[in-house]
Undergrad: 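Mind having a look at this structure? Questions to follow.
Read the numbers this way: they start at 1 and go in the same order the structure lists the ligands and their atoms. Because only heavy atoms are used, hydrogens play no part in the values below, and waters and symmetry mates are left out as well, while side chains stay in.
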Amino acid sequence: MAQQRALIIGASRGIGLGLAEELAERGWHVFASQRQPSERLARAVEDAAIEIVTADVTDPASLEALARGIEPGSLDVVLVNAGIMGGENQSAASATVADVTEIMMTNAVGPARAAGLMLPLLRDGGILAFTSSRMGSIADSTGGYDLYRMSKAAQNILARGLFEQDAKRRGIAVLSLHPGWVQTDMGGLAAHLTVHESVRGLADVLETEHATAHRFLAYDGSEISW
Ligand code: NAP
C-alpha cells in the first residue's frame, strides 16, 4: 500500500505535534505546520517522517502559499488543529469586539478558510478533519466559557457547510473531533488524558472513519451529539 500522507495545520506543540509524531510512527508522511520556528517540532523532525511547513489560519496569504506547495490530490488526511482558548474574559455579557474577533477568526473562520483552500490537496475519498471540542456541542453543554464554546459550535457548522457544498460529492469524510481533556498548554496539568493517550485514539479514528458523512467524534471513536 502507498504511504499515507497527512497535513496537520497547527502542529508546533500539544495535540497537533503529538499526532504528527504518532502518525509518523505508524508509517505516515506528515506535513506539520508551525507559525514560527518551533523547537519542539524541530526536535520531532530529527527522527521522524515529518516535513515542516508554515501557516497561520488567520493569514490567508500564508494558507495560499501552503496550498501551492503540496501536490493536488496527494493527501489522505487534512487536519485543521489550530486553536486558542481565548482570553480570561470568556463571558458574552462583557466580551469586546476584539475578544470576539480573535476567537472567531482563529477557531472558526480561519479553520474553515484553511480547510476550503486545502480541499483540492485531498484525494477523493480522503478525510478532512477539524479539532473541535465537546465544548462546541449544544446538546451536551453546561454553559460557561461562552466565547470558546461559541467558536467551536461555529466551527462545527462551517465544517458541515464544507461537507455539504464540496466534500460530499468527492466522497470525502468530514470529521469534527473532540480530543478529550488533554494535558497541553491549553488543557493544563489537571486534564484527564496525556497527549499520547489522546493522539493514539485520534490516529485510530483517522485510520478507520472513512464514511462519506460529517460526524462529531471523540478521540475514542464515540459519537458526540451536535
Ligand atoms: P496548544 O497546546 O495551546 O496548541 C495550540 C496549537 O494551535 C499550537 O500549535 C498553536 O501554534 C496553534 N495555533 C494557535 N493559533 C494558530 C493560528 N492562528 N494559526 C496556526 N496555528 C495556530 O493546544 P492543544 O491543547 O494542543 O489544542 C489543539 C486543539 O485541540 C485546539 O483546536 C483546541 O481548541 C482543541 N482542544 C483541546 C483540548 C484540550 O484539553 N487540550 C480539548 C478540546 C479541544 P503556536 O505554537 O504558534 O501558538
Side-chain angles (χ1 to χ4, degrees), residues 7-22 30-45 50 52-67 78-87 90 101-115 117-118 129-137 140-141 144-145 147-156 158-159 175-203 205-206 216-220 222 224:
L7 166 63
I8 302 176
I9 298 182
S12 57
R13 55 197 169 96
I15 294 163
L17 173 59
L19 188 61
E21 290 177 304
E22 176 68 20
V30 183
F31 296 94
S33 93
Q34 60 185 13
R35 289 193 282 186
Q36 306 129 17
S38 151
E39 266 178 44
R40 288 188 249 186
L41 181 53
R43 268 199 303 277
V45 169
I50 298 175
I52 299 177
V53 292
T54 302
D56 182 326
V57 295
T58 64
D59 174 6
S62 79
L63 297 170
E64 284 155 15
L66 171 62
V78 170
L79 170 67
V80 187
N81 172 72
I84 55 170
M85 181 53 86
Q90 285 283 330
T101 302
E102 183 192 28
I103 201 149
M104 290 300 273
M105 292 308 286
T106 308
N107 287 2
V109 176
R113 182 177 286 164
L117 287 166
M118 302 309 142
F130 296 83
T131 311
S132 179
S133 170
R134 185 187 292 279
M135 289 177 80
S137 166
D140 181 10
S141 181
Y145 289 96
L147 296 197
Y148 184 75
R149 287 185 193 280
M150 170 181 83
S151 70
K152 291 296 188 178
Q155 184 200 94
N156 288 351
L158 294 174
L175 301 177
S176 292
L177 297 171
H178 170 57
W181 183 22
V182 189
Q183 293 157 14
T184 62
D185 294 339
M186 184 188 291
L189 291 174
H192 295 151
L193 298 172
T194 64
V195 168
H196 189 58
E197 287 165 334
S198 171
V199 300
R200 222 172 30 208
L202 291 171
V205 169
L206 292 173
F216 194 3
L217 299 177
Y219 72 100
D220 60 2
S222 60
I224 296 177

Undergrad: Just to be sure I understand the cut-off, which residues have at least one non-hydrogen atom under 4.0 angstrom from an atom of ligand 1?
TA: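 The 4.0 Å shell around ligand 1 contains G10, A11, S12, R13, G14, I15, R35, A55, D56, V57, T58, N81, A82, G83, I84, T106, T131, S132, S133, Y148, K152, P179, G180, W181, V182, T184, D185, M186, G187.
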Undergrad: What are the two closest non-hydrogen atoms of M105 and P111, and how far apart are they?
TA: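 Taking every non-hydrogen atom into account, O-CD, 3.8 Å.
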Undergrad: Ignoring hydrogens and angles, tell me if any N or O in the side chain of Q90 forms a donor-acceptor pair with the backbone of M85 under 3.5 Å.
TA: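 Indeed, once roles are kept as given, a pair shorter than 3.5 Å links the two residues.
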Undergrad: Nearest heavy-atom pair of R149 and S141: which atoms, and what distance?
TA: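 Reported closest heavy-atom pair: NH1-OG, 3.4 Å.
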Undergrad: Before you tell me yes or no, could you show the steps for S132 and N156 under side chain to side chain donor-acceptor pair (under 3.5 Å), namely the whole-Å CA-CA distance, both residues' side-chain angles and the distance that decides it to 0.1 Å?
TA: CA-CA 7 Å; S132 179; N156 288 351; 2.8 Å; yes
Undergrad: For T54 and R35, which heavy atoms make the closest approach, and how far apart are they?
TA: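 T54 and R35 have their closest heavy atoms at CG2-O, 3.9 Å.
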Undergrad: Examine distances only and state if a side-chain atom of T106 and a backbone atom of E102 form a donor-acceptor pair shorter than 3.5 Å.
TA: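 Side chain of T106 to backbone of E102: a pair is present.
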